[in-house]
Amino acid sequence: MISRFVRLDEQHRPRVTLQVNGQPVDALEGDTLMVALLTQSRHLRQSEFDSGLRAGFCLMAACQDCWVWTRQGERLRACSTPVSSGMDILTYQPEAAWPVHES
Amino acid sequence: MASSRILIVGAGPAGVRCAETLVRHGLRPTLIDENRRDGGQIYRRQPEGFQRDYRTLYGSEADKAKALHDSFDQLRPELDYYSDTSAWHLSGQRLYAHQQGRPLELDYDHLLLCTGATDRVMPVKGWQLAGTYSLGGAQIALKNQAVSIGHEVVFMGSGPLLYLVASQYLKAGANVAAVLDTSAFSKRLSALPKLLSRAPLTARGSLLLADLLRHGVSLHFGIRPLEVLGSTDSGVSAIRFARADGSVSEICCDALALGYHLRPETQLADLAGCAFQFDELSRQWLLQLDDLGRTSVPQVYAAGDGARIRGADAAERAGELAAIALLQDLNRATPELAARQQQLHSELAVLSRFAQGLSEAFPWPAQHAAQLSDDTIICRCEMISAGELRRTVQAKGALEVNRAKAFSRVGMGRCQGRYCAHVGAEVIAAASGEPLQVVGRQRGQAPVKPLPISLYAVEPTDPAPQESMQQPAPEVLS
Ligand SMILES: Cc1cc2nc3c(=O)[nH]c(=O)nc-3n(C[C@H](O)[C@H](O)[C@H](O)COP(=O)(O)OP(=O)(O)OC[C@H]3O[C@@H](n4cnc5c(N)ncnc54)[C@H](O)[C@@H]3O)c2cc1C
Ligand code: FES
């Protein structure tokens, strides 16, 4: 398993388990979804404009490059959303998604 | 007198000092910020449950960070504070925001914009690959989450933050593969008289540099970024750059932190109708302000990095000055305030001189925009290349940014132009031979931040201030 982010400190927090693409993933309480995902994998999502995979860019809620989905089809900004146990996350847009209205 | 409704956006150094001054004079402002906690960027607070102390988190700025956080904690009962709340529009003295998916509308008589800055980025071929982060983003990963953005990190760009964040990474135990600065070292020497207006800070900057060298970090000045190498499925694998002498080098890494100092966040001011002026030195459009922070629109004020990029110490003072302006406008001026204003102005004069020195020492490499190859992506959101933008200029004669945006879509993606509009303008200017100020400024448009999908399915809430809950519901975006 190749990760992108590397934990350097603060590793004694309680564990939380969430589902990512149907697989259980362990994270630490206080992690953002982005950190939970990128300490286990290299990417967050597929770019919708080319074949590239994306892993976020600004970490400060400004670029919107870090969107992932809940199983219900809601989009979440991974860099500013804290993990909670039982979350059910997809790194691809689910079939039965809401019609996406871009503004 | 009916009490005036005062709204402050941003709980960083500028917003907190502004609120504090107003409270001290008997007012009760409303303060909103999209972060979960106060502190803004530099003094960003880590989540509850994290243990690192102030020294570890903020280094030489630990005392200032603690002072600001303590001030905020004391102030807290005297404010209507909404955390986790993004402002996305304003119109007719009403600000539209959302807090965890709930709409929130706040009417105001006076608006203080303390919205801070985001990284100013110059694209490089391949920067869309996963593993490229903004320099500020790299710092947030460390400060807020205690992680490094990669196993081997290259820091590229220019500005004081480049060295600061690289050394913070080093201290925290991350692997720093290289620091690649586009500014020539000689620029630092010529800016020295201005930099010496804050000699201790300049000395600390030199210590950072010495520290990086001592740890064997590869340091290069006057470079030109050529390409981020890697693949669409595994992301960044190396950085290729030209050294000052023209020879080409590559450094292996799996992450890149990219940043060229900062650009002010001004979209809300734009929506409020505030006038801008072009700043030759930084090649940026800045808000037109009087010396206290009044914008061109009555009862709208701006302070901090969102107004002028002068750093955190200046942001605290500018926040206080904007509050003084507001108090004057409410006919609450006092001799004490006048004396304080004078003192703040003389302190700001020094800080401004230093900030100017930094801009000269670490110049924005505008010439690189002209040299970007046609296949370099300018808009990361929608994968629009420099070549496409140049063709728009040539084929459609679109010499003005807002027209070029309509044709090319550069600046229309999900970041709302934060990371590409300024570069798009440089590319258009270079391709057309027009000066940058003639090419113009991309207008801000609502929503300045994306809206939750559910937003207007529910009635706006009665604005009873709330902080976010301990375990907040996920933010749902559309
Ligand atoms: C990522 C980053 C890291 C930095 N690190 C350092 C550092 O280590 N050392 C240093 O000297 N300087 C640093 N700087 C510069 C430093 O941030 C500033 O000098 C200082 O924080 C400016 O204070 P401020 O109050 O003007 O803005 P900020 O501290 O940036 O605060 C602005 C606040 O406004 C909020 N905001 C903005 N837009 C909205 C909106 N639409 N809705 C709701 N809230 C909003 C933001 O969430 C933020 O909390 C950094 C800048 C950035 C962008
Ligand atoms: S990484 Fe930029 S918004 Fe999340």
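Atoms considered below: every heavy atom in the structure, side chains included; atoms not considered: hydrogens, waters and symmetry mates.
A donor-acceptor pair under 3.5 Å links the side-chain atoms of A/Gln46 to the main chain of A/Gly52, judged by distance alone. In this structure a side-chain-to-backbone donor-acceptor pair under 3.5 Å is missing from A/Gln93 to A/Gly73. Listed for the B/Gln99 side chain is a donor-acceptor partner under 3.5 Å among the backbone atoms of B/Ser83. Checking side-chain atoms of B/Arg45 against main-chain N and O of B/Arg37 turns up no donor-acceptor pair under 3.5 Å.
The candidate with the highest count of non-hydrogen atom pairs below 4.5 Å against chain A, out of B/Val236, B/Ile149, B/Val153, is B/Ile149. By number of non-hydrogen pairs under 4.5 angstrom with chain A, the leading residue of B/Arg44, B/Arg52, B/Arg418, B/Glu265 is B/Arg52. Ranked by heavy-atom pairs shorter than 4.5 Å toward chain A, the options B/Pro47, B/Ala146, B/Gly259, B/Cys381 are led by B/Ala146. Counting heavy-atom pairs closer than 4.5 Å to chain A, the top-ranked of the candidates B/Gly235, B/Gly413, B/Ser234 is B/Ser234. The candidate with the highest count of non-hydrogen atom pairs below 4.5 Å against chain A, out of B/Asp254, B/Thr118, B/Asp233, is B/Asp233.
Residue contact with chain A, scored on non-hydrogen atoms closer than 4.5 Å, is absent for B/Gln445. Residue B/Phe50 touches chain A through both its backbone and its side chain, counting heavy-atom pairs closer than 4.5 Å. Contact annotation for B/Ala255: neither backbone nor side-chain heavy atoms come within less than 4.5 Å of a heavy atom of chain A. If you measure heavy-atom distances from A/Leu33 to chain B, you find no contacts under 4.5 Å at all.
Salt bridge status for B/Glu34 with B/Arg36: absent, with no side-chain N to carboxylate O gap under 4.0 Å.
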Pairs under 3.5 angstrom only: tabulate donor-acceptor contacts from the side chains of residues 133-142 of chain B to other protein residues two or more places apart or in another chain.
| unit_1 | atom_1 | unit_2 | atom_2 | d |
| --- | --- | --- | --- | --- |
| B/Tyr133 | OH | A/Ala55 | O | 2.6 |
| B/Ser134 | OG | B/Asp119 | OD2 | 3.1 |
| B/Ser134 | OG | B/Gly137 | N | 2.9 |
| B/Gln139 | NE2 | B/Gln168 | OE1 | 3.0 |

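Among A/Asn21, A/Leu76, A/Thr81, the one residue that satisfies the side chain to side chain contact (heavy atoms under 4.5 Å, CB included) test with A/Val68 is A/Leu76. Checked options B/Asp33, B/Thr85, B/Thr115; the residue passing with B/Val9 is B/Thr115 (criterion: side chain to side chain contact (heavy atoms under 4.5 Å, CB included)).
Classification of the B/Trp88-B/Tyr96 ring pair by plane angle, with boundaries at 30° and 60°, yields tilted.
Taking non-hydrogen atoms and a 4.5 Å limit, the residue list of residues 5-15 of chain A in contact with chain B, ordered by number, reads A/Phe5, A/Val6, A/Arg7, A/Leu8, A/Asp9, A/Glu10, A/Arg13.
A/Arg45 forms no cation-pi arrangement with A/Trp67, by the criterion of a distance under 6.0 Å to the ring centre and an angle within 45° of the ring axis.
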